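First the structure, in the form of structure tokens, and then the observations on it.
Whatever order the structure lists them in is the order used to number ligands and atoms, beginning at 1. Since we're looking at a predicted model, the values are computed, not measured. Keep in mind that the numbers below use all heavy atoms, side chains included, and drop hydrogens, waters and symmetry copies.
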Amino acid sequence: MILDKRDKDSILRIAVLASGRGSNFEALCNGDTGNGRISLLITDNDEADVLRKASALGVEALYMSPGRFRTKFGETEESEWTRLLMDRGIELVCLAGLMRIIKGSMLEEFRGRIMNIHPSLLPSFPGLHAQKQALDYGVRITGCTVHYVDADVDTGPIILQKAVYVKDDDTVETLSGRILQQEHIAYSEAVRLYCSGVFTDSGRYILKTEE
Ligand code: GAR
């Protein structure tokens with residue numbers, strides 16, 4: 001599939017799905033996303049800090065039930081989330097600390113239009129506690145990855161990555177902090193490039209034509 005360069009004036013509506021703190025959501029709202037606009041935040045956690053951040057930024061924010069499971073959506077609930085995204089005219093879905101796997105209707109409807117940010121250089125250290133996994137393993141370089149979401153965990157085609165050196169005296173907190181700074185830069189950059197239509201998607205390789 002080749003995406004055409006997009007009309008520079010047309011606004012592309014983006015939804016962020018998040019479960020917690022919301023620093024990537026905030027960075028996307030404040031970053032240069034080109035003609036992409038963060039126009040909706042949905043959370044599966046009605047106590048998430050990201051709800052307060054959305055209200056401070058004037059972005060429509062909703063809590064929606066994810067269903068009765070802990071790490072995935074119930075079938076009905078995933079359909080409800082998907083329906084809402086479609087009703088709101090959402091073009092791109094950005095997962096930002098959503099602690100839940102997407103497998104059903106959302107993936108079908110938005111395949112190739114769901115991005116995730118992960119705090120390691122994938123395919124190393126997928127899943128939970130990626131920064132601790134990297135420290136425990138003893139790697140000297142780690143970082144973050146923006147990738148498309150597919151049916152497995154952290155396995156989709158890689159859009160871009162930023163590297164971070166591990167220091168001898170790093171703790172999970174200090175390393176996570178430096179990775180997070182790169183996450184904020186990487187996510188806006190990936191979204192801006194997506195919205196400008198420069199990506200050529202050929203299977204696992206996301207190539208970039210001239211901006
Ligand atoms: C970020 O570090 C993100 O990479 C990570 O959760 C954090 C959310 O922070 N996501 C994952 O580990 C997904 N596997 P934020 O709520 O401040 O954006």
Show me the side-chain donor-acceptor pairs of residues 46-54 shorter than 3.5 Å, one per line, residues at least two apart or across chains.
{"unit_1": "Asp49", "atom_1": "OD1", "unit_2": "Arg52", "atom_2": "NH2", "d": "2.4"}
{"unit_1": "Lys53", "atom_1": "NZ", "unit_2": "Arg21", "atom_2": "O", "d": "2.8"}

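Contact of the Leu62 side chain with the Arg88 side chain is registered, since non-hydrogen atoms from C-beta on lie closer than 4.5 Å.
Counting only non-hydrogen atoms, the option in Arg21, Arg100, Glu26 that gets closest to atom 9 (O) of ligand 1 is Arg21. In this comparison of Ser176, Gly97, Pro119, the heavy atom closest to atom 11 (C) of ligand 1 sits on Pro119. By heavy-atom distance, the residue among His118, Glu183, His184 lying nearest atom 13 (C) of ligand 1 is His118.
Those atoms of ligand 1 that come under 4.0 Å of a heavy atom in Gly22, given as number and element, are 15 (P), 16 (O), 17 (O). Counting the atoms of ligand 1 from 1 in the order shown, those under 4.0 Å from a heavy atom of Ser23 are 15 (P), 16 (O), 17 (O), 18 (O).
Here ring pair (Phe, Tyr, Trp, His ring centres under 6.0 Å) pairs that include residues 18-67, with residues two or more places apart or in two chains, number zero.
A donor atom on one side chain and an acceptor atom on the other are not found under 3.5 Å apart for Ser19 and Asn45.
Considering only non-hydrogen protein atoms, atom 10 (N) of ligand 1 sits nearest to Ile117 O, 3.7 Å.
Note that CG of Leu85 and CD1 of Ile90 are 6.0 Å apart. Values are rounded to the nearest 0.5 Å.
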